Amino acid sequence: MSSSVRHGSSRGQAWFCTTGLPSDVVFEVDDMTFHLHKFPLMSKSRKIHRILSEQEEQRPRRRRRQMRSSSDGGGDGAAEIEIEEAEEEEEAEPEQEQVRTGEGDGQPYSIAFPDFPGGPGTFEAAAKFCYGVRVELTAWNVAPLRCAAEYLEMTEDHAEDNLAARAEAYLEQTVLRHPGDATKALKSCEELLPLAEELGIVSRCVDAIAARSSAASRSWFDDLAVLGLRMYKRMMAAMAARDDVRAEARESCLVSYARGTIPGLSRSMRRRLASAPLSSEVEQKELLEAVVASLPADTCSGRVVTAKFLFALLRTAQILHASDAARAALERKAATQLQQATLEDVLILSYSSAAETLYDVDCVQRIVRYFLAEEELGGGEASSSAAIEEEEAVAAEVVARPSAMVMVQVGKLVDSYLAEVASDANLKPAKFCELALSLPDHARIYDDGVYRAVDIYLKAHPRLTAEERDRVVGVVDCRKLTVEACTHAAQNERLPLRAVLQVLFFEQLQLRRAITGTLLASSAGGPPRASTSEAVAWRGATALAQESQVLRLDMDSVASRVQELERECSSMRRAIKKIDGRGGTRSPGGRSADGGGD
């Protein structure tokens, strides 16, 4: 029979097995009917065999009842006998409600399976197996077929080499040996509960993923996006409970799942698996908070859970209005890798209705605060123990200390962020200054970056009061400006006069030191030849002395410009006083105050 069986065809919601013989049993699975033959199915399924055997025994009794009813003329006695026999049959056969027999021998049996595991597709594959058709097992269908075999009782006790044994062998020998296949099987179990749980398929898949995650290649991590939140949490819990799972493997699972299930994670993380369902905003929020809860308790390695990924999560958390606890946890995690972040990472838009600025400056300020607190615990003592007496010693100290290098990187990032947000007209001076002054002095070798941010802020906020302008400019340490920055600041008309004079003073002081060093080297008879470093230093001092002549000319030009501005200001004051004096001697009618004419 198996050689003549074809795969059948679908006619609307009906499936027919075209063997050339009329079907004698019809199965109803959800909205699909299957017109099949009882003997192939009875040979493999104990459940179908039992149901049909019992119905075959009931058909003669039903015919006898009908004959007695017709011979008695349909009296009340016959009806009572039929009802009593029917009640006895229902008590003896609990599966009677699934079977509807025909009225005569020529009518096919009809059996309904309303809760069949895996639905019509899985039943079709199980039916083909009963007919002897080769059914290809895959990671996606092995769990449904194993549950179907259990439901239909297609075990070795009923027939050799049955579906249950085939599915178990494929599950153990193929699927559970690779975490990617185990992930697909685990996904299929989500629609097979609680039967898949009772058969141990779920626990075996979870254990297989956790046990083999470290040894397997990273290509299977993308398959995690198909899992629902419940299975994902269970898998991550199993991985965390094992000592042989590397932290990098757990982080890879976390990152891959987040990228595959949260569509709005970031501008550069738009790819999604075709098999992953589109989640609603509420589901995305729940997924994100679950991912945040799965982050390692200690500091992440930085190779997988990168600063870009953490800031992308934080940006998405703001969009989805995640819980305060989730956002605070992300801010603290992001602070541990702030030195690896880029300007694009920290430019997080404000999504709060109460926010006044375009970017969430408060969020960045909290992250900087967390970073500084972490630095104090991790190595802040080493950074603050040595007192720096000379400006040149700062650079040497920074190179020698890794923690100081991290601080300098964060300082450059904060200065770049300040320059980016400085043009926001709604950014208050107090908030700008608070973020600029939050870093310690050794976070900036030079103050050129923060000076650039101040210059942009002054240009974008021309209506600042004199007090606010002085406060904004006060975040810059004029002693730490480079020659180029000093030259620009000396000619910057947006700076208060006091700040310009400070710049000129410290610039002149630097030049004096450089010239003094050059003269001392010249009096010693030329550049020292004791060592290469000393020769390089002498040549640098000579070049600086040459530059000082040009800078002195610039200084004279700036000084003359300041004097010219002071003279113009005095002239304007005198002109204003004259105008006020003339206006005060006339009445509104145009006559003088003493009543005289012109």
Side-chain angles (χ1 to χ4, degrees), residues 7-8 10 15 29-32 34 44 113 115-131 133-152 154 161-213 216-236 238 253 256-257 259-261 271-279 287:
H7 292 284
S10 296
W15 193 92
V29 181
D30 294 342
D31 58 347
M32 182 76 74
F34 295 84
K44 291 292 185 180
F113 290 145
D115 56 348
F116 191 84
T122 304
F123 181 83
E124 178 182 340
K128 290 179 179 178
F129 181 86
C130 294
Y131 278 96
V133 178
R134 182 179 179 274
V135 177
E136 182 179 1
L137 293 174
T138 66
W140 286 109
N141 68 9
V142 64
L145 286 175
R146 176 63 185 90
C147 292
E150 188 71 17
Y151 184 89
L152 295 175
M154 299 176 67
D161 196 21
N162 216 336
L163 182 58
R166 289 270 194 96
E168 279 290 341
Y170 185 81
L171 185 65
E172 292 289 340
Q173 299 173 11
T174 303
V175 174
L176 298 182
R177 293 187 177 183
H178 190 277
D181 290 340
T183 301
K184 297 173 184 176
L186 183 61
K187 171 62 179 179
S188 66
C189 291
E190 294 178 358
E191 304 297 330
L192 303 171
L193 300 176
L195 185 55
E197 193 77 69
E198 296 171 358
L199 294 175
I201 302 177
V202 174
S203 59
R204 284 183 286 171
C205 288
V206 169
D207 292 340
I209 296 171
R212 302 179 187 274
S213 57
S217 61
R218 294 180 52 136
S219 60
W220 71 274
F221 291 136
D222 289 340
D223 296 333
L224 294 172
V226 302
L227 293 179
L229 185 58
R230 174 183 176 184
M231 292 301 183
Y232 166 76
K233 289 181 177 179
R234 184 163 177 177
M235 183 201 66
M236 293 300 294
C253 293
S256 298
Y257 185 77
R259 289 178 175 177
T261 57
R271 61 183 182 86
R272 288 179 51 84
L273 297 179
S275 55
L278 184 63
S279 304
L287 288 169

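Predicted model only: the values in this text are computed from it and were never measured.
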- So which heavy atom on Ala185 is nearest to which on Cys205, and how close? CB-SG, 3.8 Å

- Report yes or no: does Arg177 contribute a side-chain atom to a donor-acceptor pair with the main-chain N or O of Gln173 at less than 3.5 Å? yes

- Applying ring-ring contact (aromatic ring centres under 6.0 Å, His included) to Phe123 and not counting sequence neighbours gives Phe27, Phe34, Phe116

- Message: Show, in sequence, the C-alpha distance, side-chain angles and deciding distance for Arg166 and Phe129, and conclude whether the side-chain contact (heavy atoms from CB on, under 4.5 Å) test is met.
- Response: CA-CA 11 Å; Arg166 289 270 194 96; Phe129 181 86; 3.5 Å; yes

- Task: Name all residues meeting the side chain to side chain contact (heavy atoms under 4.5 Å, CB included) criterion together with Pro117; count only those two or more places apart in sequence or in a different chain, and write none if there are none.
- Result: Cys147, Tyr151, Leu192, Leu195

- For Asp31, the salt bridge (Lys or Arg N to Asp or Glu O under 4.0 Å) test, sequence neighbours excluded, returns none

- Across all chains, not counting sequence neighbours, the salt bridge (Lys or Arg N to Asp or Glu O under 4.0 Å) partners of Glu197 are Arg234

- Message: Holding to side-chain hydrogen bond (donor to acceptor under 3.5 Å, both in side chains), I want the full list of residues that pass it with Asn162, two or more places apart in sequence or in another chain.
- Response: none

- Item | Sequence-distant partners of Ala211, side chain to side chain contact (heavy atoms under 4.5 Å, CB included), two or more places apart | Arg242

- Ignoring hydrogens and angles, tell me if any N or O in the side chain of Tyr232 forms a donor-acceptor pair with the backbone of Leu287 under 3.5 Å. no

- Message: To check you understand the geometry: which heavy-atom pair defines the closest contact between Trp140 and Ser188, and what is its length?
- Response: O-CB, 3.5 Å

- Query: Residues two or more places apart in sequence or in another chain: which of them pass salt bridge (Lys or Arg N to Asp or Glu O under 4.0 Å) with Glu190?
  - Reply: Lys187

- Message: Applying side-chain hydrogen bond (donor to acceptor under 3.5 Å, both in side chains), can you list everything that pairs with Thr174, at least two apart in sequence or on another chain?
- Response: none

- Item | By side chain to side chain contact (heavy atoms under 4.5 Å, CB included) - contacts of Glu172 (at least two apart) | Glu168, Leu176, Arg204

